[in-house]
Trainee: 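Sharing a structure here in structure tokens format.
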Amino acid sequence: MSVRTQSSEQPADDGGTSHAHEAAGDHRAGFACFVGRPNAGKSTLTNALVGQKVAITSNRPQTTRHTVRGIVHRPQAQLILVDTPGLHKPRTLLGERLNDVVRTTWAEVDAIGFCIPADQKIGPGDRFIAKELAGIKKTPKIAVVTKTDLVDGRALAEQLIAVDQLGRELGITWAEIVPVSATANQQVELLADLLIPLMPEGPALYPEGDLTDEPEQVMVAELIREAALEGVRDELPHSIAVVVEEMLPREDRPADKPLLDIHANLFIERPSQKGIVIGPKGKRLKDVGIKSRKQIEALLGTPVFLDLHVKVAKDWQRDPKQLRRLGF
Ligand SMILES: Nc1nc2c(ncn2[C@@H]2O[C@H](COP(=O)(O)OP(=O)(O)OP(=O)(O)O)[C@@H](O)[C@H]2O)c(=O)[nH]1
Ligand SMILES: [Mg+2]
């Protein structure tokens with residue numbers, strides 16, 4: 001078993017590309033996706049690699065609902081990370097659609113990072129995904145043990161061995177096994193260094209400086225959903241969807257004092273959920289507005305007026321028509 005750790009003599013920010021390629025003067029560009037069960041830390045890792053939040057995260061499973069591309073720029077390489085929804089046993093039409101998205105993605109990428117949290121025993125959920133990965137022979141796979149800051153050295157060693165054994169059992173050859181912590185920024189650069197050589201040679205695919213290809217409107221809706229997910233429990237996180245209806249610069253504003261009007265709807269599935277989302281005297285919704293507005297302003301670099309409404313879209317997770325309307 002070979003497990004990668006960053007040698008302390010090697011600075012974490014050494015530019016990253018493999019030196020052989022640098023010498024040859026060639027450039028690599030390609031796609032890698034992170035897969036793993038819900039809550040494994042895929043989106044947090046994507047953000048850490050990109051160096052900016054491109055995907056929202058939460059401690060609720062099934063936070064990510066569409067593929068999000070985050071772009072890592074290096075002098076000799078461009079690594080496009082495709083963050084996917086957590087693969088799980090679907091219970092709704094939405095769940096099935098999410099799984100389809102994941103499977104389509106990993107058929108198209110140049111490398112796959114299989115994320116397994118360090119702090120939880122490998123379970124049926126991980127095994128289910130690993131079995132499917134075993135069927136994709138041609139794509140190199142890196143096993144990424146995430147959230148290493150949550151465990152001690154011994155537990156981590158055990159997990160690394162378990163991941164190695166899982167690979168042997170299912171006939172998967174891990175190109176690497178890499179322990180990382182996205183929140184403590186441990187070995188994140190190393191992971192990029194290991195992924196880049198797996199990319200094909202070729203010119204950059206995105207303009208320099210682009211960190212994602214997510215439309216602004218979608219990122220704004222996601223930031224609102226992220227704020228709304230905080231503190232809600234049980235089934236409610238799954239019931240929330242956010243759609244930005246309109247983003248328009250306010251007219252009659254002086255050039256040095258612009259204001260962007262954003263109209264967004266927060267959908268839930270049942271009238272009974274309305275009260276929970278809005279909170280006593282509207283406090284929860286107000287907090288969601290304040291919190292997400294700050295993030296949106298930081299993202300867009302302009303002051304924002306956020307007009308947020310709560311609406312019921314009955315059982316939207318199971319209704320093909322509503323799913324289409326909500327962008328799935
Ligand atoms: N301590 C610690 N927590 C982490 C780390 N990475 C992610 N988390 C936490 O784990 C939770 C899930 O993280 P996400 O990145 O949203 O997980 P995900 O795999 O994208 O989840 P889905 O989108 O639902 O599939 C969040 O509460 C994160 O803050 C880490 O390196 N260390
Ligand atoms: Mg995610």
Side-chain angles (χ1 to χ4, degrees), residues 6 12 32-70 81-92 94-103 105-106 112-120 122-123 125-126 128-130 132 142-152 155-156 159-160 178-192 212 214 218-219 221-223 225-242 295 317 328:
Q6 208 150 21
C33 78
F34 290 132
V35 298
R37 64 183 155 85
N39 226 22
K42 302 175 293 297
S43 298
T44 310
L45 184 57
T46 302
N47 292 339
L49 280 157
V50 173
Q52 191 188 292
K53 179 144 104 189
V54 292
I56 64 162
T57 65
S58 88
N59 58 5
R60 307 284 151 208
Q62 293 169 47
T63 300
T64 306
R65 287 183 181 158
H66 61 283
T67 54
V68 181
R69 286 177 183 180
L81 299 166
V82 189
D83 177 28
T84 63
L87 202 68
H88 60 286
K89 268 216 171 74
R91 274 177 296 170
T92 61
L94 173 67
E96 282 172 34
R97 296 258 166 103
L98 296 188
N99 283 358
D100 290 346
V101 164
V102 181
R103 293 200 177 91
T105 305
W106 66 25
I112 296 172
F114 177 37
C115 295
I116 308 136
D119 64 327
Q120 274 166 31
I122 292 176
D126 303 301
F128 167 73
I129 299 169
E132 296 217 13
I142 291 185
V144 185
V145 174
T146 58
K147 310 190 190 184
T148 53
D149 57 292
L150 295 179
V151 298
D152 61 20
L156 178 58
Q159 188 71 326
L160 293 170
V178 194
V180 302
S181 167
T183 54
N185 196 17
Q186 282 161 4
Q187 303 231 115
V188 172
E189 287 299 310
L190 174 69
L191 180 58
T212 183
E214 285 271 282
V218 174
M219 289 193 65
E222 287 287 89
L223 289 173
R225 188 162 66 88
E226 184 179 55
L229 284 178
E230 208 163 281
V232 296
R233 281 177 309 161
D234 306 325
E235 279 306 300
L236 195 54
H238 305 292
S239 297
I240 295 174
V242 177
Q295 299 242 11
Q317 286 190 77
F328 294 102

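As the structure lists them, so they are numbered: ligands from 1, and atoms in each ligand from 1. Computation of the quantities below employed the complete heavy-atom set of this structure, encompassing side-chain atoms and omitting hydrogens, waters and symmetry-equivalent molecules.
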Trainee: Below 3.5 angstrom, do we get any N/O pair linking G86 and ligand 1?
Mentor: yes
Trainee: Tell me whether E226 contacts the main-chain N or O of T57 through its side chain, where contact means a donor paired with an acceptor under 3.5 Å.
Mentor: yes
Trainee: CZ of R91: more than 12 outside heavy atoms within 6.0 angstrom?
Mentor: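 At most 12 heavy atoms, drawn from other residues, nucleotides or ligands, come within 6.0 Å of this atom.
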Trainee: With heavy-atom distances below 4.5 Å as the criterion, would you say the side chains of P237 and Q62 are in contact?
Mentor: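 No; the side chains remain at least 4.5 Å from each other.
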Trainee: If you measure from each non-hydrogen atom of Q62 to ligand 1, which part falls under 4.0 Å: side chain, backbone, both or neither?
Mentor: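 The part of Q62 near ligand 1 is the backbone, not the side chain.
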Trainee: By number and element, which atoms of ligand 1 are closer than 4.0 Å to a non-hydrogen atom of L150?
Mentor: 1 (N)
Trainee: Which of these, V144, L150, T148, sits in a side-chain contact (heavy atoms from CB on, under 4.5 Å) with T146?
Mentor: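 The side-chain contact (heavy atoms from CB on, under 4.5 Å) with T146 is passed solely by V144 among V144, L150, T148.
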Trainee: Indicate, as side chain, backbone, both or neither, the part of D149 found under 4.0 angstrom from ligand 1 when only non-hydrogen atoms are considered.
Mentor: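 D149 to ligand 1: side-chain contact only, backbone stays beyond 4.0 Å.
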Trainee: What protein heavy atom sits nearest atom 19 (O) of ligand 1, and how far away is it?
Mentor: K42 NZ, 2.7 Å
Trainee: Regarding atom 11 (C) of ligand 1: of the candidates S58, G41, A40, which has the closest heavy atom?
Mentor: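 Ranked by closest heavy atom to atom 11 (C) of ligand 1, first place is S58.
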Trainee: Taking only heavy atoms of A182, which atoms of ligand 1 are found under 4.0 Å from at least one of them?
Mentor: 31 (O)
Trainee: Consider every N or O of T84 and every N or O of ligand 1, then say whether any pair is closer than 3.5 Å.
Mentor: no
Trainee: In terms of residue, atom name and distance, what is the protein heavy atom nearest to atom 13 (O) of ligand 1?
Mentor: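 Checked against all protein heavy atoms, atom 13 (O) of ligand 1 sits closest to T44 OG1, 3.4 Å.
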Trainee: Do ligand 1 and T148 have nitrogen or oxygen atoms that lie under 3.5 Å from each other?
Mentor: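 In this structure, T148 places no N or O atom under 3.5 Å from an N or O of ligand 1.
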Trainee: Heavy-atom distance under 4.5 Å between the side chains of R97 and T92, does that happen here?
Mentor: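 They are not in side-chain contact.
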Trainee: Do F34 and T64 touch side chain to side chain, with heavy atoms closer than 4.5 Å?
Mentor: no
Trainee: I need the nearest protein heavy-atom contact for atom 5 (C) of ligand 1: residue, atom name and distance, please.
Mentor: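 The closest heavy atom on the protein side is K147 CG, 3.5 Å.
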Trainee: Taking the side chain from R37 and the backbone from F128, do they hold a donor-acceptor pair closer than 3.5 Å?
Mentor: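 Side chain of R37 to backbone of F128, a donor-acceptor pair under 3.5 Å: no, none is there.
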Trainee: Please state whether the separation between the Mg ion (ligand 2) and some N/O/S atom of S43 is under 2.8 Å?
Mentor: yes
Trainee: Between T84 and the Mg ion (ligand 2), is there a contact where an N/O/S atom of the residue lies under 2.8 Å from the metal?
Mentor: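 No.
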Trainee: Among all the protein's non-hydrogen atoms, which is closest to atom 2 (C) of ligand 1, and how far away is it?
Mentor: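 That would be T183 OG1, 3.4 Å.
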Trainee: Closer than 3.5 angstrom, by distance alone: can the side chain of T212 be matched with the main-chain N or O of R69 as a donor-acceptor pair?
Mentor: yes
Trainee: Quick check against the 3.5 Å criterion: does E222 have a side-chain atom that pairs as donor or acceptor with the backbone of I56?
Mentor: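 No, E222 side chain to I56 backbone: no donor-acceptor pair under 3.5 Å.
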Trainee: Between P61 and ligand 1, find which residue part has any heavy-atom pair under 4.0 Å and reply side chain, backbone, both or neither.
Mentor: backbone
Trainee: Could you tell me the residue and atom name of the protein heavy atom closest to atom 21 (O) of ligand 1, and the distance to it rounded to 0.1 Å?
Mentor: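 Here the nearest protein heavy atom works out to N39 N, 2.9 Å.
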Trainee: Looking at side-chain heavy atoms only, is the closest gap between I240 and R225 below 4.5 Å?
Mentor: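 Contact flag for I240/R225 side chains = yes.
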